Amino acid sequence: MAPRYALAPDPHGPGGRLQPLADDGTPLGAPHHAPALATAVARIEAAEQPRWVFAAADSGYAPLLPVRLARCHDLRLTEPLLLGHEGHWGEPRSLGAAWARVHGRPVPADLPEAGAADDDQASLFAPDRLQLPPGVDPLEAVVTVHADQQRRLSAVRDAGERARLRLLVAAESAGGLLAAEIAADGLPWRADVHDLLLTELLGPRPQIPGARPRLVAELAAELQQALGGRPFNPDSPDQVLRAFAEQGVKLPSTRSWELRRVDHPAAELVIRYKELSRLHTAHGWAWQSAWVRGGRFRPEYVVGGVVSGRWASRGGGALQIPRILRRAVVADPGWSLVVADAAQLEPRVLAALSEDAGLARTAAEGDLYEALAATAFQGDRSKAKLGLLGAMYGQTSGDIGPLLATLRRRYPAAMGYVEAAARTGEDGGIVRSRLGRTCPPPSAEWLDRTEAADPGDEAGGRSARARGRFTRNFVIQASAADWALAMLAGLRRRLAALSSGADRPHLVFFQHDEVMVHTPSDLADRVAAEVAAAADEARALVFGDTPVRFPLSTAVVDCYADAK
DNA sequence: TACAATGACACA
DNA sequence: TACGTGTGTCATTGTA
């Protein structure tokens with residue numbers, strides 16, 4: 001019974017090799033070849049539930065689906081976590097680079113990131129991106145690098161820190177599995193509802209691709225009339241500003257909040273035009289034909305794509321679906337959507353991180369801002385919220401000074417925590433999330449600007465403060481991402497235990513502090529309970545013994561738009 | 001023609 | 001009420 005298996009798919013064909021491993025990565029016996037890798041993996045998974053060691057789950061797991069794996073160790077996702085933790089942020093992070101470091105060989109530079117832009121024929125047939133030197137056996141490389149990563153994890157001195165970093169590696173790796181599953185399953189998307197919505201708001205689909213839909217074109221014409229009648233392109237901020245100037249209206253920019261303050265009939269039209277035009281270009285018919293197929297929206301997620309550990313997405317803008325389009329996300333007949341988002345996650349994370357007893361009391365349950373207002377802001381919830389957000393993001397302008405002063409007096413530990421993180425950043429230091437994700441060090445240019453600068457130098461001071469805001473926010477955003485990842489990994493495990501087979505609940509969406517499960521309706525209530533349990537489990541795993549709670553607002557709905 | 005920078009706005 | 005972090009995408013505009 002091996003706790004771990006390394007695997008390497010054959011470059012061509014359905015087979016692959018498997019190598020049982022001990023926990024520390026020591027090979028147990030000889031590798032064996034499976035003519036049908038997915039079948040062999042499914043059999044071993046059913047019997048042993050090992051931790052699968054992938055070079056990269058995103059490419060290694062997808063071909064095995066619909067086989068579901070419980071646990072993995074993703075070498076590609078783990079390497080940057082370790083390099084960052086060890087203070088080697090800029091080092092190449094490919095499997096080949098990690099292999100070369102173990103063997104003291106020349107380390108190959110990383111290839112540029114694959115983006116949607118170069119996702120063409122050429123790159124489809126490009127050699128893999130592992131960067132292994134010619135002649136190196138991929139399975140041997142996976143085994144070697146895994147053993148090295150396990151050794152480096154064990155080398156973390158402090159036991160608590162070591163345990164947390166291991167948790168981070170496991171959660172990040174689970175994210176790798178999940179992202180592949182979500183990509184394969186897709187988000188339920190009703191193209192007909194989307195169509196109807198577009199037609200209602202924009203007019204019928206233009207016959208000529210690229211043409212403005214009727215209502216957008218009419219709005220553009222109306223706008224031109226309202227600004228003197230001379231033709232101009234409403235998509236060009238420059239031309240819009242000039243058209244307004246000709247009417248005697250001086251504007252610093254065409255930002256919508258700026259336009260809202262302008263007393264001119266054309267301002268409203270510009271705002272409306274931009275809204276509709278954006279819907280058409282970003283999420284219109286072209287978007288639908290590119291990204292929606294077979295009743296599912298299939299974006300690509302990039303696990304750890306943001307330095308803070310949040311996921312990013314590539315193509316389709318999966319993490320920026322405008323609210324109005326949530327109408328199109330509808331459960332299949334007989335199925336429901338369980339939508340859950342963590343309420344006030346970031347201030348709760350601050351309370352737990354800083355162990356500020358007072359703030360933790362306000363975060364023990366219910367509405368955190370309400371509780372904060374009651375104890376420190378004479379019941380004014382908006383002040384409480386503004387002040388706390390300002391503290392977490394490093395806001396200095398506006399009338400926020402007195403609010404920050406109040407917070408500093410009432411919650412010295414919490415405010416001290418973010419201010420210490422800000423000072424570390426301003427001084428060029430690095431900070432880490434709760435589980436040990438490390439922020440990037442300052443760039444060489446930053447060091448030039450700040451260290452060479454005189455004390456009174458404006459540019460240097462600005463750069464320093466900007467980095468202070470970044471590190472101040474990093475400790476919170478990245479620790480929130482730690483919690484979310486742990487919650488997600490737990491929820492994934494719980495859903496698998498709830499039901500297997502074709503009509504099991506699927507995680508179909510994840511956006512920073514929000515998850516969505518598509519489930520047979522008769523399981524929806526149990527899914528909702530598992531979401532709550534996963535949230536509490538993540539609280540204990542990530543923050544241990546804290547009075548802070550992380551409540552979720554959960555809705556069981558047919559349509560995403562009906563959640564909250 | 002292709003790419004980068006910019007402005008704007010969507011999401012957390 | 002309007003500037004405080006992190007992203008992705010599109011159209012325009014300027015440069016290679």
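Chain naming here is simple, since letters A, B, ... match the order of the sequence lines and numbering starts at 1 in each. Heavy atoms only: backbone and side chains are in, while hydrogens, waters and symmetry mates are out. In this text the structure is predicted, and so the values were computed from the model without any measurement.
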**Student:** Should A:Arg255 be listed as having a side-chain N or O under 4.0 Å from OP1 or OP2 of B:dA8?
**Tutor:** yes
**Student:** How many whole angstroms separate atom CG of A:Leu325 from atom P of B:dC11?
**Tutor:** 10 Å
**Student:** For A:Asp513 and A:Trp483, which I'm curious about, is there any donor-acceptor pair between the side chains at under 3.5 Å?
**Tutor:** no
**Student:** Are a donor atom and an acceptor atom from the side chains of A:Asp58 and A:Tyr301 found within less than 3.5 Å of each other?
**Tutor:** no
**Student:** Which label fits A:Phe543 and A:Phe550: parallel for a plane angle under 30°, tilted from 30 to 60°, or perpendicular past 60°?
**Tutor:**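 A:Phe543 and A:Phe550: parallel rings.
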**Student:** Name the nucleic acid region contacted by A:Ser313, choosing base, sugar-phosphate or nothing; use a 4.0 angstrom heavy-atom cut-off, strictly under.
**Tutor:** sugar-phosphate
**Student:** Identify the residue among A:Leu223, A:Leu219, A:Leu215 that makes a side-chain contact (heavy atoms from CB on, under 4.5 Å) with A:Arg272.
**Tutor:** A:Leu219
**Student:** What contact category does A:Gly316 fall into here, base, sugar-phosphate, or nothing, at under 4.0 angstrom with non-hydrogen atoms?
**Tutor:**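 The answer is sugar-phosphate, as A:Gly316 gets under 4.0 Å only of primed atoms, P, OP1 or OP2.
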**Student:** Is the number of heavy atoms from other residues, nucleotides or ligands under 6.0 Å of A:Glu91 CD greater than 12?
**Tutor:**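 Counting neighbours around CD of A:Glu91, more than 12 heavy atoms of other residues, nucleotides or ligands fall under 6.0 Å, so yes.
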**Student:** How does protein reach along nucleotides 11-16 of chain C, written 5' to 3' as B (base within reach of a heavy atom under 4.0 Å), S (only sugar-phosphate), or - (no contact)?
**Tutor:** SSS---
**Student:** Please determine whether a side-chain nitrogen or oxygen atom of A:Thr254 lies at a distance below 4.0 Å from atom OP1 or OP2 of B:dA8.
**Tutor:** yes
**Student:** In whole angstroms, how far is the C1' atom of C:dT7 from the CD atom of A:Gln511?
**Tutor:**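 Roughly 11 Å, once rounded to whole Å.
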**Student:** Using a cut-off of 4.0 Å on non-hydrogen atoms, how would the nucleic acid contact of A:Arg326 be classed: base, sugar-phosphate, or nothing?
**Tutor:**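 The residue A:Arg326 makes sugar-phosphate contact but no base contact.
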**Student:** Contact class for A:Arg278 vs. all strands (heavy atom < 4.0 Å): base, sugar-phosphate, or nothing?
**Tutor:**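 Touches a base.
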**Student:** Is A:Leu345 touching bases, backbone alone, or none of the nucleic acid, heavy atoms closer than 4.0 Å?
**Tutor:**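 Touches nothing.
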**Student:** Should A:Ser256 be listed as having a side-chain N or O under 4.0 Å from OP1 or OP2 of B:dC9?
**Tutor:** yes
**Student:** What does A:Gly390 touch in the nucleic acid at a heavy-atom separation under 4.0 angstrom: a base, only the sugar-phosphate, or nothing?
**Tutor:** nothing
**Student:** Touch check for A:Ser277, heavy atoms < 4.0 angstrom, all strands: base, sugar-phosphate only, or nothing?
**Tutor:**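 If one applies the 4.0 Å heavy-atom cut-off, A:Ser277 turns out to touch nothing in the nucleic acid.
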**Student:** Identify all stems in which DNA chain C takes part, counting only runs of at least 3 consecutive pairs (Watson-Crick or G-U wobble, each distance under 3.5 Å), and give each as one range with another, ordered by first number.
**Tutor:** B:1-12 with C:5-16
**Student:** Is a side-chain donor-acceptor pair under 3.5 Å present for A:Gln511 with A:Asp341?
**Tutor:**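 No donor-acceptor contact under 3.5 Å links the two side chains.
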**Student:** How about A:Trp189 and A:Trp287: are their ring centroids closer than 6.0 Å?
**Tutor:**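 Ring-ring flag for A:Trp189/A:Trp287: true, centres closer than 6.0 Å.
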**Student:** What residue among A:Leu541, A:Leu168, A:Val349 forms side-chain contact (heavy atoms from CB on, under 4.5 Å) with A:Asp482?
**Tutor:**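 So the option named by the test is A:Leu168.
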**Student:** Between A:Arg423 and A:Thr471, does a side-chain contact (heavy atoms from CB on, under 4.5 Å) hold up when you go through it step by step?
**Tutor:** CA-CA 9 Å; A:Arg423 269 197 309 278; A:Thr471 49; over 6 Å; no
**Student:** It should be established whether A:Lys274 places a side-chain nitrogen or oxygen under 4.0 Å from OP1 or OP2 of nucleotide B:dA8.
**Tutor:**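 Negative; the distance criterion is not met.
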**Student:** Touch check for A:Arg472, heavy atoms < 4.0 angstrom, all strands: base, sugar-phosphate only, or nothing?
**Tutor:** nothing
